[in-house]
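Letters go in sequence order (proteins before strands), and every chain restarts at 1. Everything numeric here is computed off the predicted structure, so don't read it as measured data.
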Number of protein chains: 2
Amino acid sequence: MRVDETTKQHGEGDDEDGPWPGGVVAPAPPSIDGPPFRAVGFTVSSVGYAVARRFRQTLAPLQLEPREFALLRAISAAEGLSQQAAAERLQIPPSRMVAFVDALEARELLERRHNPLDRRTRTLYLTPAGHELLAHALVLAAELENHLCAQLNGAERELLLDLLQRVGSQLGLEVGKHAVHAHSALAHE
Amino acid sequence: MRVDETTKQHGEGDDEDGPWPGGVVAPAPPSIDGPPFRAVGFTVSSVGYAVARRFRQTLAPLQLEPREFALLRAISAAEGLSQQAAAERLQIPPSRMVAFVDALEARELLERRHNPLDRRTRTLYLTPAGHELLAHALVLAAELENHLCAQLNGAERELLLDLLQRVGSQLGLEVGKHAVHAHSALAHE
DNA sequence: TATTGTTATACTCTATAACTATA
DNA sequence: TATAGTTATAGAGTATAACAATA
């Protein structure tokens, strides 16, 4: 073995609430109890991580992972898109996408169809059950959003979004615009 | 004996900026281009993830990972604490902590000492090089913080922290207070 | 020859639990 | 017997690259 360090992790999975969310790895924070504590970077990162974790828990009853949710949503928004097109949108390697689609297809939430124009590609469509589950997941997501904003009034909510976007723009993010990346969102994990 | 280190490559390369930070997996986002887009949960999660990723890149030149940074910082704040005490603070399993300490000790950034009062425990101390590297890392972290807040004035910065803490409190977080968790912070990943 | 989807292989990280040396 | 640290084993997840079918 090597030792090395360890590095990354990510994880996922598991979670529920374990300290180290499944694989969600988590690198490390800038401080333990010193100055960086009231830092914007540290705070945004911490809260964002907690939100992602909670979102995963929220979806757990549906047996759905955040990335699966993102995939169903992407297909719903553009039915008939190819597997690799979806992979590109969600920033998931094509080889990984196979397993994701396999799992959801086995549960009959979506189906692969052959594209008559190009028999190499497989187009993706949600099944009725898939639409239903997605709708349910969207309700849960909306409820979570309400819960998160319980201590904010409308103006404060908009202000928070504005401030966050300014921070995000410093990193090249264009949140609130579109473009999503399966892992950037409530992903973390 | 413990590991050989010899491997050190991982560090580098990994992430830098690859879509999937090292191993940072990333679950998934709540939406692809629909409603959840201007959602607080989605935005906080996305920005937090980006910040964590950037923090990792910021530390890369020092060959330091976020969690290693957190460990050095924890030791600095409480020199002489035991390995397992540090593990508990950072929410890292004791068995994993071994590799972390091994790596940093091999680089002579910290050292293990025996506790004369209880020879089972190993107390941790930073070496001069460790203090130096940590100081350097703190400078980089401060620079990142400034960069992130470049579009905010003092009042806006405080306001953002306040709003984020309100969201965090909905999840049981007590950011800005203390208590850190190696992975929650600029960790994510 | 290039591309889509798939499979195969190797590697990393993690957790669990055994093991040692102390107490 | 219990605890701090260590090591060993096994498993989950990913990336890389090789592969088949189609273009």
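If you check the side chains of B:Gln165 and A:Arg38, you find a donor sitting under 3.5 Å from an acceptor.
Residue B:Arg113 contributes atom CZ, which lies 15 Å from atom P of D:dG5 at whole-angstrom precision. Distance CZ (A:Phe100) to C1' (D:dT14): 10 Å, rounded to an integer number of Å. Summarising the geometry, the separation between CE on B:Met97 and P on D:dT7 is reported as 15 Å, rounded to the nearest angstrom. One interatomic measurement links the two molecules: CD1 of B:Ile92 to P of C:dC13, which rounds to 13 Å at whole-angstrom precision. The CD atom of A:Gln91 sits 11 Å away from the P atom of D:dA15 (whole-angstrom rounding). A:Leu81 places its CG atom 13 Å from the C1' atom of C:dT4, with the value rounded to the nearest Å. The separation between A:Gln83 atom CD and D:dA21 atom P is 17 Å, rounded to whole Å. Across the protein-nucleic acid pair, A:Arg112 atom CZ and C:dT4 atom P stand 16 Å apart, rounded to whole Å.
Relative to the ring axis of B:Phe100, B:Arg67 does not place its NZ or CZ within 45° and under 6.0 Å from the centre.
Taking 4.0 angstrom as the limit, A:Arg67 places a side-chain polar atom (N or O) nearer than this to OP1 or OP2 of D:dT14. The side chain of A:Gln84 places an N or O atom within less than 4.0 Å of a non-bridging phosphate oxygen (OP1 or OP2) of C:dT4. Applying the 4.0 Å criterion to OP1 and OP2 of D:dG5, one finds that B:Arg96 has every side-chain N and O outside that range.
The residues B:Arg122 and B:Glu111 are annotated as not salt-bridged, no charged nitrogen and carboxylate oxygen being separated by less than 4.0 angstrom. Under a 4.0 Å N-O distance rule, the pair B:Arg157/B:Glu145 qualifies as a salt bridge.
Aromatic ring centres of A:Phe55 and A:Phe69 lie closer together than 6.0 Å.
For the residue pair A:Arg166 and A:Asp162, the shortest heavy atom distance occurs at NH2-OD2, 2.9 Å. Between B:Val40 and A:Cys149, the shortest heavy-atom contact is CG2-SG, 3.5 Å. Among all heavy-atom pairs drawn from A:Met97 and A:Ala87, the shortest one is CE-CA, 3.2 Å.
Position along DNA chain C of the nearest nucleotide to A:Thr121 versus A:Asp102 favours A:Thr121 as the more 5'-ward residue.
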Would you tabulate the nitrogen or oxygen pairs shorter than 3.5 Å linking the protein to nucleotides 16-20 of chain D?
from   : atom 1 : to      : atom 2 : distance (Å)
D:dT16 : O4     : A:Ser95 : OG     : 3.2

Please write out each protein N/O paired with an N/O of nucleotides 21-23 of chain C under 3.5 Å, distance rounded to 0.1 Å.
from   : atom 1 : to       : atom 2 : distance (Å)
C:dA23 : OP1    : B:Arg119 : N      : 2.8

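Within the structure, side-chain hydrogen bond (donor to acceptor under 3.5 Å, both in side chains) pairs that include any residue of residues 74-88 of chain B comprise B:Gln83-B:Arg112 (at least two apart or interchain).
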